[in-house]
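Input: a single structure, listed below in structure tokens.
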Amino acid sequence: MKKKTEMMLCRAFLELLRKYSFPKITVQMIAGQCGVNRQTFYYYFDNIYDLMAKAFEYEITNERTAYAEETWESFMRRFLYWMRDNRVIIKNILFNVESKYLRQAIYPIISKGMNSLCHHDSVRNIDDEAEENDIEKDEFVIHFLVLGVTQYVLEWADGDFKESVEEVVDNLCSVLEKVYD
């Protein structure tokens with residue numbers, strides 16, 4: 001039941017974003033659309049921004065374990081098509097919300113996709129301290145790349161999705177090939 005209510009709130013929020021500008025959407029509107037009260041909303045989410053992040057993740061993953069099953073390119077392609085196909089929602093948020101909130105909503109999605117690319121199982125024959133240092137550097141590189149990809153995707157959306165999804169994915173793959181060659 002918990003997951004079902006959470007999904008209903010996510011869907012209601014995305015549906016409202018298609019009809020109303022972000023600032024006009026209230027917790028009461030979202031809860032009312034689902035037939036629950038405000039307390040139920042706050043049981044699942046801290047605020048509307050928290051809901052936004054969960055709603056995006058829900059839409060992208062569609063209750064699948066997609067991250068483990070697909071390549072980074074196919075994941076990014078699916079994510080970018082979703083953004084382009086839901087441009088009304090994305091533009092609504094871009095124009096009405098501080099960009100940090102949209103960045104916070106899509107960063108974890110891109111990070112999960114990036115982790116499937118970057119975490120490779122290699123056996124290292126070095127001491128534990130050196131291995132720990134390498135892991136920290138790998139994590140820094142991943143974080144840096146996710147920040148860059150997130151910003152690039154936001155600029156693509158802000159530029160009204162002028163490049164095709166395939167061009168964006170090709171550009172990103174080109175950069176990642178240079179980093180991981």
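Excluded from the calculations below are hydrogen atoms, water molecules and symmetry mates; all remaining heavy atoms, backbone and side chain alike, are included. Remember, predicted model here, so these are calculated numbers, not experimental data.
Residues Met52 and Leu102 share a closest heavy-atom pair of CE-N, 4.1 Å. Here the closest heavy-atom approach between residue Trp156 and residue Glu163 is recorded as NE1-O, 2.9 Å. Shortest non-hydrogen contact noted between Leu176 and Met114 is CD2-SD, 4.2 Å. Taking both residues in full, the closest heavy atoms of Lys3 and Lys54 are given as NZ-NZ, 4.1 Å, listed atom of the first, atom of the second, then distance. Contact detail for Trp72 and Gly113: the closest heavy-atom pair is CD1-O, 2.9 Å.
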- Candidate pair Leu14 and Tyr58, rule side-chain contact (heavy atoms from CB on, under 4.5 Å), full reasoning: CA-CA 11 Å; Leu14 292 173; Tyr58 167 75; 5.6 Å; no
- Which is it for Val149 and Val175 under the side-chain contact (heavy atoms from CB on, under 4.5 Å) test, yes or no, and what are the steps along the way? CA-CA 10 Å; Val149 170; Val175 169; over 6 Å; no
- Query: Do Tyr152 and Asn171 pass the side-chain contact (heavy atoms from CB on, under 4.5 Å) test, and can you show the C-alpha distance, the side-chain angles, and the key distance before you say yes or no?
  - Reply: CA-CA 10 Å; Tyr152 180 64; Asn171 289 341; 2.9 Å; yes
- Message: Assess the residue pair Ile48 and Ile30 against the criterion (side-chain contact (heavy atoms from CB on, under 4.5 Å)); give the C-alpha distance rounded to whole Å, side-chain angles, the decisive distance to 0.1 Å, and a yes or no.
- Response: CA-CA 9 Å; Ile48 290 181; Ile30 297 165; 4.2 Å; yes
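For the pair Arg18 and Glu15, the salt-bridge criterion is not met [side-chain N within less than 4.0 Å of a carboxylate O]. Classification of Arg77 and Glu73 as a salt-bridged pair fails, no side-chain N sitting under 4.0 Å from a carboxylate O.
From Tyr20, atom OH reaches atom CD1 of Ile25 across 9.0 Å, with rounding to the nearest 0.5 Å. Between the CD1 atom of Ile60 and the CZ atom of Phe75 there is a distance of 6.5 Å, given to the nearest 0.5 Å. Here the OG1-CE distance, from Thr71 to Met76, works out to 11.5 Å after rounding to the nearest 0.5 Å. Here the CD1 atom belonging to Ile109 is positioned 9.0 Å from the CE atom belonging to Met83, to the nearest 0.5 angstrom. Taking CE of Met29 as the reference point, atom CZ of Arg38 lies at 13.0 Å (rounded to 0.5 Å). Rounding to the nearest 0.5 Å gives a distance of 8.5 Å between CD1 of Ile90 and CG of Leu154.
Residues Gln151 and Arg103 bring a donor and an acceptor atom of their side chains to less than 3.5 Å of each other.
Here the rule is side-chain contact (heavy atoms from CB on, under 4.5 Å) with Cys10, and of Phe45, Phe56, Tyr44 only Phe45 fits it. Shown are Leu51, Thr26, Val36; of these, the side-chain contact (heavy atoms from CB on, under 4.5 Å) with Phe41 is made only by Leu51.
Side-chain contact between Gln39 and Tyr42 is absent, with no heavy atoms from C-beta onward closer than 4.5 Å. The shortest distance between side-chain heavy atoms of Tyr43 and Thr5 does not fall below 4.5 Å. Contact annotation: the side chain of Phe22 never approaches that of Leu94 to less than 4.5 Å [non-hydrogen atoms, C-beta and beyond].
A donor-acceptor contact shorter than 3.5 Å is absent between the side chain of Ser174 and the backbone of Asp170. In this structure a side-chain-to-backbone donor-acceptor pair under 3.5 Å is present from Lys91 to Ala157. Judged by distance alone, with hydrogens and angles left aside, the side-chain atoms of Asn92 form a donor-acceptor pair with the main-chain N or O of Leu17 at under 3.5 Å.
More than 12 heavy atoms of other residues, nucleotides or ligands lie within 6.0 Å of OH in Tyr81, so this atom counts as buried by the packing criterion.
Residues Ile142 and Leu147 share a single hydrophobic cluster, defined by chaining ILVMFWY side chains whose heavy atoms lie under 4.5 Å apart. Val165 and Val88 sit in two unconnected hydrophobic clusters of ILVMFWY residues. Membership requires side-chain heavy atoms under 4.5 Å apart, directly or through other members.
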